[in-house]
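Convention: sequence-line order gives letters A, B, ...; per-chain numbering from 1.
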Amino acid sequence: MKLPQSFYRRDDVVRIGRELLGKVLCTRFSGQTTAALITETEAYAGSSDRASHAYGNRRTKRTEPLFAAGGIAYVYLCYGIHHLFNVVTNEADVPHAVLIRAAAPLQGIDIMLYRRSRSEADKALLAGPGSTAQALGIDTVHSGISLSGSQIWIEDRNTVVKPGSIVAGPRVGVDYAAEDASLPYRFILKQ
DNA sequence: CGAATGATATACT
DNA sequence: GTATATCATTCGA
């Protein structure tokens, strides 16, 4: 079943990040459907988080979706090459989000292989946030769209996530964020 | 290990 | 309006 808006609009972005592990991220563009099991996430706690684009409630045209009510996508281009997909959480004017860092292919694998220009479904297919977004066909044009619509959504397929299979750790790639970089806001699903 | 690559924010004229 | 620094990364040596 598709996750309801109430899932995203809760006040605890770290908890939502943890609970997204084992959920299924689905996209459907131009009649092509792909789905992947979320295996790694990171929470970005908005105004109090130096690593967030919205640190100190910095509101710009790019970060605008972060300030909308939860349950929409926030996509942005990093390093000029990679699209990063985030799930916006919490109520309006609270810029919390969860970055999807990695996933495991479930459906539409041939489509993902084509998008990633790869011939085999190896580990690199959905390893890392840029690769994950590319495999699912997510682009900056999808920033701000609803996760309750028919293009991008997240399903709960009742995948069993054992309590011991979730590992929390410091985030990566955000060293510039000083002490906030070491917060345990990263969650990994052990395989 | 290091280059690639472009939108975005910020600081200028 | 134009310029420049910066980046929530990846891939190929």
Side-chain angles (χ1 to χ4, degrees), chain A residues 8 12-21 23 25 27 34 36 38-68 70 72-90 94-105 111-145 147 152 154 167-189:
Chain A
Y8 305 106
D12 190 346
V13 65
V14 176
R15 180 178 165 192
I16 294 172
R18 190 168 56 230
E19 291 182 358
L20 279 174
L21 292 178
K23 298 290 186 289
L25 176 60
T27 64
T34 50
I38 298 170
T39 57
E40 190 173 339
T41 64
E42 274 181 17
Y44 284 85
S47 58
S48 65
D49 187 351
R50 277 198 86 74
S52 171
H53 289 155
Y55 174 63
N57 278 319
R58 199 172 59 153
R59 193 163 186 159
T60 66
K61 190 177 179 187
R62 180 181 64 164
T63 62
E64 195 62 31
L66 291 172
F67 291 87
I72 65 168
Y74 170 55
V75 186
Y76 117 93
L77 189 70
C78 184
Y79 296 104
I81 308 174
H82 306 288
H83 298 281
L84 271 58
F85 172 73
N86 301 251
V87 175
V88 177
T89 70
N90 218 309
V94 183
H96 287 185
V98 176
L99 168 70
I100 307 301
R101 285 198 64 85
I111 300 169
M112 297 195 218
L113 288 172
Y114 172 75
R115 285 175 180 151
R116 298 266 299 123
S117 300
R118 280 183 187 251
S119 53
E120 286 183 71
D122 56 359
K123 283 195 241 176
L125 187 60
L126 289 163
S131 305
T132 303
Q134 188 185 12
L136 291 167
I138 295 171
D139 206 332
T140 51
V141 302
H142 303 117
S143 193
I145 75 165
L147 298 177
I152 304 176
I154 298 175
V167 183
R171 292 176 293 188
V172 296
V174 291
D175 294 342
Y176 66 90
E179 60 271 14
D180 286 335
S182 60
L183 293 171
Y185 282 2
R186 179 183 182 209
F187 299 102
I188 304 162
L189 187 64

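We find that CD1 of A/I138 is positioned 16 Å from P of C/dT9, with the value rounded to whole Å. We find that CG of A/L125 is positioned 19 Å from P of C/dT9, with the value rounded to whole Å. For the pair A/N57 CG and B/dA9 P, the interatomic distance rounds to 15 Å; values are reported in whole Å. Protein atom CG of A/D180 is 13 Å distant from nucleotide atom P of C/dA8, rounded to whole Å.
The number of heavy-atom neighbours closer than 6.0 Å to CZ of A/F187, taken from other residues, nucleotides and ligands shown, is above 12. More than 12 heavy-atom neighbours from other residues, nucleotides or ligands sit within 6.0 angstrom of OH on A/Y176.
In this structure, A/R101 reaches the C/dT9 phosphate: one of its side-chain N or O atoms is under 4.0 Å from OP1 or OP2. Within the 4.0 Å cut-off from OP1 or OP2 of C/dC11, at least one side-chain nitrogen or oxygen of A/R118 is found. For B/dT10, one of the phosphate oxygens OP1 or OP2 lies less than 4.0 angstrom from a side-chain nitrogen or oxygen of A/R58. Contact annotation: A/R62 does not reach the phosphate of C/dT6 (side-chain N/O to OP1 or OP2, under 4.0 Å). Regarding contacts with the backbone of C/dA8, a side-chain N or O of A/Y176 is found under 4.0 angstrom from either OP1 or OP2.
Within residues 75-90 of chain A, the residues that have a heavy atom under 4.0 Å from DNA chain B are, in order of number, A/L77, A/Y79, A/G80, A/I81.
Helical stems in DNA chain C, defined as runs of 3 or more consecutive Watson-Crick or G-U wobble pairs with both donor-acceptor distances under 3.5 Å, are listed by first residue as B:1-4 with C:9-12, B:6-12 with C:1-7.
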List, with names and distances, any nitrogen or oxygen atoms from the protein found under 3.5 Å away from nitrogen or oxygen atoms belonging to nucleotides 1-3 of chain C.
none

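At the heavy-atom level, A/S131 lies under 4.0 Å from the strands shown only through sugar-phosphate atoms.
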